[in-house]
Protein chains: 2
Amino acid sequence: MTDATAPSAAAQRGPYQNGIRRRQEIVESASRVFASYGFTSGSLRRIADEVGVTPAALTRHFGNKEGLLSAVLAKWDRDAQLRNTPGIRGLDYFIGLRDTLAYNQANRGLIELFLTLSAESTNADHPARDFIQGRYRHVVATGIQHLREARDAGETVGLDDEAISTEVRSVFATMDGLQLQWLLNPGIDLIGSFSHALAGYLERWTGRPYVLPPLAAGTD
Amino acid sequence: MTDATAPSAAAQRGPYQNGIRRRQEIVESASRVFASYGFTSGSLRRIADEVGVTPAALTRHFGNKEGLLSAVLAKWDRDAQLRNTPGIRGLDYFIGLRDTLAYNQANRGLIELFLTLSAESTNADHPARDFIQGRYRHVVATGIQHLREARDAGETVGLDDEAISTEVRSVFATMDGLQLQWLLNPGIDLIGSFSHALAGYLERWTGRPYVLPPLAAGTD
DNA sequence: GTCTATAAGAAGATAGAC
DNA sequence: GTCTATCTTCTTATAGAC
């Protein structure tokens with residue numbers, strides 16, 4: 001396929017334009033396939049068929065299958081960084097987790113990819129194990145930092161460092177577990193259930209009833 | 001399925017003794033392999049190698065790979081029934097979840113199997129999907145029943161049916177999420193973290209501080 | 001850059017010997 | 001009951017044409 005469709009203005013006639021777009025297509029397709037079938041069972045052929053090329057084109061672009069997985073994880077990390085809003089701190093960080101959940105619900109593949117790779121990473125020699133472990137460490141560390149900040153600002157009652165660590169882990173556990181339930185049964189109210197549970201955590205931390213502001217619409 | 005009846009006293013010299021024992025060995029090995037690699041990626045060859053037979057022997061016993069999975073799930077269900085202690089009701093049921101967690105921690109393969117199959121069952125046509133969905137439905141229904149019983153006995157404050165459903169789902173979500181964290185990082189205090197979170201739920205339900213009795217030793 | 005063709009191997013499953 | 005041998009299909013990866 002020569003693909004000599006010289007596009008008009010925007011597309012420069014530079015030599016690597018199509019290759020870059022093709023790479024993006026492949027990474028997006030690979031994300032879907034790995035999310036659905038896992039890394040081991042998700043085949044290069046299926047990805048290639050989705051994109052409309054042959055498996056040889058994939059190994060050409062990414063060296064081998066693990067190289068493609070690395071590209072998928074790198075993109076995941078990059079996208080997560082972009083969604084990160086640095087202005088939110090302290091207890092507001094946890095309230096903002098509902099927006100994360102809403103985003104995940106609208107992008108089901110993200111949850112599937114995390115869960116599938118986590119399950120596979122149960123094996124010590126899985127290529128994504130370090131990434132998954134590191135990502136969890138980072139998320140928990142961030143949560144701990146924000147809850148400590150809230151405590152130091154006097155917004156909480158009776159939380160020592162150990163309790164903070166446990167509470168943060170429990171919040172993310174509840175979040176992950178509800179996402180798992182939603183994957184298996186999309187009929188459940190994911191946001192509502194988490195909001196309910198989150199209010200419970202906040203009430204315990206602050207020692208007073210907590211009213212959650214409604215979810216901002218259009219979080220897309 | 002033939003499902004030969006259990007041999008009465010000592011090993012009768014009946015003709016099927018070795019076959020039955022061999023079946024058990026295969027199912028146990030398959031549970032381990034499916035837990036580690038998933039159903040799709042866990043191969044008959046690996047299971048056969050573990051047991052010390054050829055893949056042909058496996059298909060001979062169970063028809064095909066799905067038949068072997070069915071046997072694994074059936075055994076899982078049977079074992080779960082045996083651990084079920086029918087005397088525990090109401091709020092005590094939730095306190096008893098810590099014992100379940102302790103058992104799971106001592107039998108890591110159980111958690112791996114559930115998580116791996118859940119992740120795979122994300123695909124609508126996975127052979128274990130109905131089983132996993134049904135199992136979750138059953139667990140949630142049981143929890144709802146016990147929490148309602150506690151409410152009707154006047155042990156809780158201000159819980160309508162919808163809140164009960166949400167609370168029960170959140171408890172199991174926290175449990176599953178902590179188990180996932182423990183699989184990825186066995187260094188965390190699984191029982192302690194869950195006990196802490198569980199106390200929070202119980203305090204919210206009963207409206208008063210809740211002191212959890214220590215975990216019974218030797219839950220094996 | 002993507003293709004066809006192909007290598008080298010592992011998968012599930014079957015047939016028939018013992 | 002379990003074996004060996006074999007079938008078909010699918011896997012990742014490479015070589016070379018265009």
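Side chains included, hydrogens not; waters and symmetry mates left out as well; all remaining heavy atoms used. The structure presented is a predicted model; accordingly, all values stated were derived computationally and were not measured. Numbers restart at 1 for each chain; the letters A, B, ... are given by sequence-line order, proteins then strands.
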Side-chain donor-acceptor contact under 3.5 Å, [X] with [Y]:
X       : Y       : value
Q181(A) : Y136(B) : yes
T174(B) : S170(A) : no
D79(A)  : Y103(A) : no

Which atom pairs link the protein and nucleotides 13-18 of chain D when you take only N or O atoms and keep those under 3.5 Å?
| from | atom 1 | to | atom 2 | distance (Å) |
| --- | --- | --- | --- | --- |
| dA13(D) | OP2 | K65(A) | N | 3.0 |

Pairs meeting criterion side chain to side chain donor-acceptor pair (under 3.5 Å) with involvement of [range], two or more places apart:
range                       : result
residues 85-95 of chain A   : R89(A)-E149(A)
residues 45-61 of chain A   : S29(A)-E50(A), R32(A)-E50(A), Y37(A)-R46(A)
residues 125-134 of chain A : E120(A)-H126(A)

In whole angstroms, how far is the [atom2] atom of [N] from the [atom1] atom of [X]?
X      : N       : atom1 : atom2 : answer
F62(A) : dT2(C)  : CZ    : C1'   : 14 Å
D49(A) : dC10(D) : CG    : P     : 11 Å
I26(B) : dG1(D)  : CD1   : P     : 12 Å
L58(A) : dC10(D) : CG    : P     : 18 Å
R46(A) : dT11(D) : CZ    : P     : 8 Å

Worksheet item: Can you find a heavy atom in the side chain of L202(B) that is under 4.5 Å from one in the side chain of I95(B)?
Response: yes
Fill in: Close side-chain approach of D176(A) and L115(A), heavy atoms under 4.5 Å
no
Item to complete: Consider the side chain of H61(B), meaning its heavy atoms from C-beta on, and name the nucleotide among dG1(D), dG12(C), dC3(D) that approaches it most closely.
Response: dG1(D)
Worksheet entry | Pairwise distance CZ(F94(B)) to CG(L198(B)) - rounded to 0.5 angstrom | 8.5 Å
Worksheet item: Is there a side-chain polar atom (N or O) of R22(A) under 4.0 Å from OP1 or OP2 of dG1(C)?
Response: no
Practice prompt. Compare side-chain N and O positions of T54(A) against OP1 and OP2 of dT2(C) and report whether any pair is under 4.0 Å apart.
Written response: no
Worksheet item: Is R108(A) positioned over the aromatic face of W182(A), cation under 6.0 angstrom from the ring centre and no more than 45 degrees off axis?
Response: yes
Worksheet item: Hey, does G67(B) reach any base, or is it just sugar-phosphate, or nothing, if we go heavy atoms under 4.0 Å?
Response: nothing
Discussion item. What does the 5'-to-3' dot-bracket notation of DNA chain C look like when only Watson-Crick and G-U wobble pairs under 3.5 Å count, and pairs to other strands show as |?
Written reply: ||||||||||||||||||
Worksheet entry | Check ion pair R135(A)-D77(A) (N to O, under 4.0 angstrom) | yes
Practice prompt. List in numerical order all residues of residues 28-42 of chain B for which some heavy atom is under 4.0 Å away from an atom belonging to DNA chain D.
Written response: none
